[in-house]
There are 2 protein chains.
Amino acid sequence: MGSGGGDGDVPDNSGADTKVRTLADLARLAGVSAGTVSRALAGKSLVNAKTRERIQALAREHGFRPNQMASKLRSRRTGVVGVVIPLGHEKRQQISDAFFLTLLGHLADELTESGYDLMLSRAIPDGSSDWLERMTGSGMVDGVLLIGQSDQFDVIEQVSASYRPLVAWGTCREGQHHCAVGTDNLAGGRMAAEHLIASGARRLAFLGETLGIEIEERHRGVAAAAAEAGVDLLHIPISLASAEMGAQIKAATEENEHDVDGIVAASDLIAMNVLHCLHEQERRIPDDTQVIGFDDLPLAQLTMPPLTTIRQEIAIGAKAMVDKLKARIAGEEPAGLKMPPRLVQRGTTRPV
Amino acid sequence: MGSGGGDGDVPDNSGADTKVRTLADLARLAGVSAGTVSRALAGKSLVNAKTRERIQALAREHGFRPNQMASKLRSRRTGVVGVVIPLGHEKRQQISDAFFLTLLGHLADELTESGYDLMLSRAIPDGSSDWLERMTGSGMVDGVLLIGQSDQFDVIEQVSASYRPLVAWGTCREGQHHCAVGTDNLAGGRMAAEHLIASGARRLAFLGETLGIEIEERHRGVAAAAAEAGVDLLHIPISLASAEMGAQIKAATEENEHDVDGIVAASDLIAMNVLHCLHEQERRIPDDTQVIGFDDLPLAQLTMPPLTTIRQEIAIGAKAMVDKLKARIAGEEPAGLKMPPRLVQRGTTRPV
DNA sequence: GTCCACCATACAAACGATTGTAGACGCCGA
DNA sequence: TCGGCGTCTACAATCGTTTGTATGGTGGAC
């Protein structure tokens with residue numbers, strides 16, 4: 001009363017000058033109560049249309065917007081989705097993986113479309129489930145999206161037992177508890193190997209470390225196909241972090257250049273590096289060595305020759321993740337989605 | 001007392017069963033007041049060390065963590081930094097730009113390191129300054145980082161007049177009000193053009209639309225160098241969105257194949273596409289046509305031949321942005337940073 | 001003319017934490 | 001034994017909204 005009421009006293013500094021920070025401030029200016037202002041700004045029909053517009057105009061004029069923290073606290077709905085990237089194996093990995101970044105971009109687009117904000121968290125698992133519960137248990141988000149499962153399958157499984165609005169990208173195992181959207185990596189790996197074998201490869205190599213569950217399945221698929229066809233398979237555990245990748249691949253390709261004629265790379269990025277190294281060693285692609293990638297990032301079309309790869313439907317997957325999360329936030333329990341991979345034949349393998 | 005103390009009474013359902021969601025719940029269990037629990041969990045020295053540890057153990061046991069919304073509301077400090085990507089020109093652009101995504105990754109790393117969470121927002125400017133003020137005015141974040149300025153220089157300038165903790169990536173103009181960290185694009189463009197001219201190019205082309213201020217400056221730099229040397233310069237406004245880029249570049253390179261012998265691409269991604277198209281047209285690089293990119297993304301090393309490009313120090317820039325933002329949050333007013341570009345000579349230009 | 005219904009607004013109680021301050025308790029010296 | 005002092009804890013106000021309910025006023029029907 002005493003301090004605030006500058007309305008009538010000094011007409012000078014009345015209007016746009018005094019900073020209006022709270023609903024109460026605006027209410028005083030409009031001559032109504034805070035509750036009414038709240039409803040007016042929310043566009044509720046309980047307030048008179050004329051009053052509503054007057055208040056909205058006033059708010060616009062003063063550049064006022066309600067404090068989100070207070071709003072979220074009261075309404076117990078944050079309008080925020082947490083997106084966490086578990087950096088499990090590979091402690092030193094930055095968020096620089098091209099696939100994850102691409103997926104993140106699509107998720108951001110989908111979430112924005114649905115009116116959600118996105119809280120990004122780079123999590124480095126430390127043995128406990130803390131890295132995940134920090135997000136789920138904080139009351140800061142309505143739901144959580146996991147970009148990849150890394151080697152944290154068990155933790156995710158455990159947390160999801162009590163925290164329902166959680167959807168992960170990655171492998172969808174039989175009987176698993178949590179909701180996952182991903183590509184059938186086993187089928188993808190098999191598909192890649194079978195393609196190479198069909199087009200004449202006899203000594204295969206799989207490039208990529210299998211600490212993460214997704215990559216491990218790709219490798220299993222490749223191994224299964226190789227075993228069935230009776231061809232050799234070499235596993236070279238290339239790091240997924242792009243910083244180390246280059247040197248490791250260089251070493252690997254030089255060392256094994258004598259006997260490998262078909263390479264399955266765990267990702268397109270590895271494949272690009274392989275292409276580069278093979279080219280330096282003047283191996284002809286696909287004549288001397290065939291190469292096949294995984295992901296089908298936009299870049300795959302731009303290599304020379306263009307990269308044959310196993311396509312993951314990132315955009316579709318991102319949309320599915322967001323849709324399923326929204327359903328879970330609403331209390332439903334949609335099942336996971338295992339998308340079939342697709343072979344995109346380009347120039348680094350011989351046509352069958 | 002009556003309800004909570006299951007320790008001795010019924011050892012069965014005593015502990016982890018009853019859900020403890022609030023400080024008050026935990027306080028009841030511990031037989032202390034909520035205030036004490038709050039201080040204990042915050043590690044304050046005002047509570048007895050023994051009590052503190054007992055409470056912390058209890059919290060751990062029940063998987064309790066304080067509601068962040070309430071905490072942030074009361075303490076008026078969110079521990080969150082907003083990162084917004086303005087999609088000004090190019091309404092249909094997804095967050096898929098490789099450079100922005102890379103910068104985002106580094107920002108995420110730096111912010112995590114500093115204990116901040118990251119709130120990502122894809123903003124589509126609509127003529128007003130609403131897209132930015134939605135973030136700055138909401139009380140949701142302690143500060144805002146802008147990934148690129150797009151064509152929104154004026155809006156940013158205006159908002160930053162009253163909202164101090166704001167740092168943008170991008171061009172650092174003379175006399176501008178807001179704090180920006182970025183590469184000297186003018187110098188970069190000039191550097192690229194001078195390099196091409198020095199190595200024999202006489203008919204230059206700049207590929208990339210100049211709606212965004214950064215690209216526009218690169219173009220100006222190229223134009224200045226071209227004018228000084230008296231060589232022709234063609235400007236072909238390629239879209240920055242990767243979806244449309246391919247076709248546009250294909251059309252452009254086919255049309256102009258007769259007279260361009262030096263290409264400055266507005267980004268590495270454009271350069272990669274150019275390489276691809278030129279290769280299809282069986283032009284020899286760098287003998288028939290020289291190409292130079294901008295950014296020096298990790299991919300630039302993997303093209304064939306490896307891409308000559310103007311390097312932007314993304315990691316260093318990200319760190320600078322976060323440092324300056326932290327200083328601004330603390331009330332200081334650090335100046336912007338204009339980093340010198342660096343020419344990385346690889347295989348798509350002739351050595352001088 | 002009275003009463004009912006109804007619309008618009010005011011009031012006040014949450015939401016769940018943080019934090020200044022007052023008070024309880026134990027310990028010490030006199 | 002008592003006062004003073006230093007530690008620790010309880011109490012209560014506060015952050016800024018949202019939302020259920022009470023209340024005031026207006027119009028129409030009988």
Side-chain angles (χ1 to χ4, degrees), chain A residues 1 3-4 18-56 58-59 62-80 134 136-142, chain B residues 1 4 19-56 58-59 62-80 134 136-142:
Chain A
M1 285 277 209
S3 69
T18 52
K19 186 66 186 166
V20 28
R21 297 183 319 103
T22 72
L23 276 188
D25 290 348
L26 197 61
R28 209 173 306 123
L29 244 63
V32 296
S33 79
T36 303
V37 174
S38 173
R39 283 186 249 256
L41 293 182
K44 296 265 177 78
S45 58
L46 281 99
V47 323
N48 189 321
K50 223 178 328 175
T51 316
R52 195 191 320 147
E53 276 164 32
R54 188 165 53 87
I55 293 176
Q56 285 176 348
L58 215 50
H62 289 264
F64 168 80
R65 44 197 84 226
N67 181 303
Q68 292 299 97
M69 250 68 238
S71 165
K72 288 165 201 251
L73 170 59
R74 174 59 224 238
S75 59
R76 310 169 119 290
R77 191 188 165 284
T78 68
V80 178
R134 186 171 161 281
T136 60
S138 67
M140 222 161 21
V141 297
D142 289 341
Chain B
M1 288 204 235
K19 187 65 187 169
V20 27
R21 297 182 319 105
T22 72
L23 275 189
D25 291 347
L26 196 61
R28 211 173 308 124
L29 245 63
V32 296
S33 81
T36 303
V37 175
S38 173
R39 283 186 249 257
L41 293 182
K44 296 264 177 75
S45 59
L46 281 101
V47 325
N48 189 319
K50 223 179 327 176
T51 316
R52 190 188 328 141
E53 277 164 31
R54 188 165 55 86
I55 293 177
Q56 285 177 347
L58 215 49
H62 288 266
F64 169 80
R65 41 197 87 224
N67 182 305
Q68 293 299 99
M69 250 70 239
S71 164
K72 288 163 199 239
L73 170 59
R74 175 57 223 244
S75 58
R76 308 168 122 292
R77 189 188 164 282
T78 68
V80 178
R134 186 170 160 280
T136 60
S138 67
M140 222 162 19
V141 296
D142 289 341

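Order of the sequence lines fixes the chain letters, A, B, ..., with proteins taken first and strands second; residue numbering starts at 1 for each chain. Worth knowing before you read on, the calculation uses all heavy atoms, side chains too, and leaves out hydrogens, waters and symmetry mates.
Remark: Ser75(A) OG to Gln68(A) CD distance equals 8.5 Å, nearest 0.5 Å. In this structure, the separation between CZ on Phe64(A) and CG on Leu41(A) is 6.5 Å, given to the nearest 0.5 Å. Distance check: Leu23(A) CG to Ile55(A) CD1 gives 9.5 Å after rounding to the nearest 0.5 Å. Within the model, atoms CG of Leu26(B) and OG1 of Thr36(B) stand 11.0 Å from one another, a figure rounded to the nearest 0.5 Å. Within the model, atoms CG of Leu73(B) and CG of Asn67(B) stand 10.0 Å from one another, a figure rounded to the nearest 0.5 Å.
When rounded to the nearest whole Å, the span between CZ of Arg77(A) and C1' of dT19(D) equals 16 Å. Between Lys50(A) atom NZ and dT26(D) atom C1' there is a gap of 14 Å when expressed in whole angstrom units. Rounded to whole Å, the distance from CZ on Arg28(A) to C1' on dT17(D) is 15 Å. Lys72(B) places its NZ atom 19 Å from the P atom of dC15(D), with the value rounded to the nearest Å. Whole-Å rounding puts the Ile55(B) CD1 to dA10(D) P distance at 8 Å. Spacing between atom CG of Leu73(A) and atom P of dA13(C) amounts to 17 Å, rounded to whole angstrom units. Going from atom NZ of Lys19(A) over to atom P of dG16(D) covers 13 Å, rounded to whole Å. What separates CZ of Arg54(B) from P of dT9(D) is a distance of 8 Å, to the nearest Å.
Residues passing the salt bridge (charged side-chain N to carboxylate O under 4.0 Å, His left out) test with Arg65(B) are Asp130(A), sequence neighbours excluded. For Asp142(A), the side chain to side chain donor-acceptor pair (under 3.5 Å) partners at least two apart in sequence or on another chain are Thr78(A). Ala42(B) pairs by the side-chain contact (heavy atoms from CB on, under 4.5 Å) definition with Lys44(B), not counting sequence neighbours.
The Ser71(A) side chain lies nearest to dT17(D) when the options are dG16(D), dT9(C), dT17(D). When each of dG16(D), dT18(C), dA17(C) is scored by its nearest atom to the side-chain atoms of Arg21(A), the top-ranked nucleotide is dG16(D). Taking only side-chain atoms of Ser75(A), from C-beta outward, the nucleotide of dC15(D), dA10(C), dT18(D) with the closest atom is dT18(D).
Contact annotation: side chain of Arg74(A) to base of dT17(D), donor-acceptor pair absent below 3.5 Å.
Using five terminal pairs a side, the axes of the helix from dG1(C)-dC30(D) to dA30(C)-dT1(D) at its two ends make an angle of 60°, given in steps of 10 degrees.
A close approach under 4.0 Å does not occur between any side-chain nitrogen or oxygen of Arg52(A) and OP1 or OP2 of dA8(C). Within the structure, a side-chain polar atom (N or O) of Thr51(A) is placed less than 4.0 Å from OP1 or OP2 of dT9(C).
Nearest heavy atoms, Ala27(B) versus Ala34(B): CB-N, 3.6 Å.
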Subject >> side-chain contact (heavy atoms from CB on, under 4.5 Å) evaluation trace for His62(A) with Leu29(A) >> reply: CA-CA 11 Å; His62(A) 289 264; Leu29(A) 244 63; 3.4 Å; yes
**OP:** Test side-chain contact (heavy atoms from CB on, under 4.5 Å) on Met69(A) and Met140(B) and set out the steps.
**Re:** CA-CA 6 Å; Met69(A) 250 68 238; Met140(B) 222 162 19; 4.2 Å; yes
Using a cut-off of under 3.5 Å, enumerate the N/O to N/O pairs linking the protein to nucleotides 5-7 of chain C.
none

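For Arg54(A), the CZ atom counts as densely surrounded, since its 6.0 Å shell holds more than 12 non-hydrogen atoms of other residues, nucleotides or ligands.
Against DNA chain C, the stretch residues 33-44 of chain B makes heavy-atom approaches under 4.0 Å through Gly35(B), Ser38(B), Arg39(B), Lys44(B).
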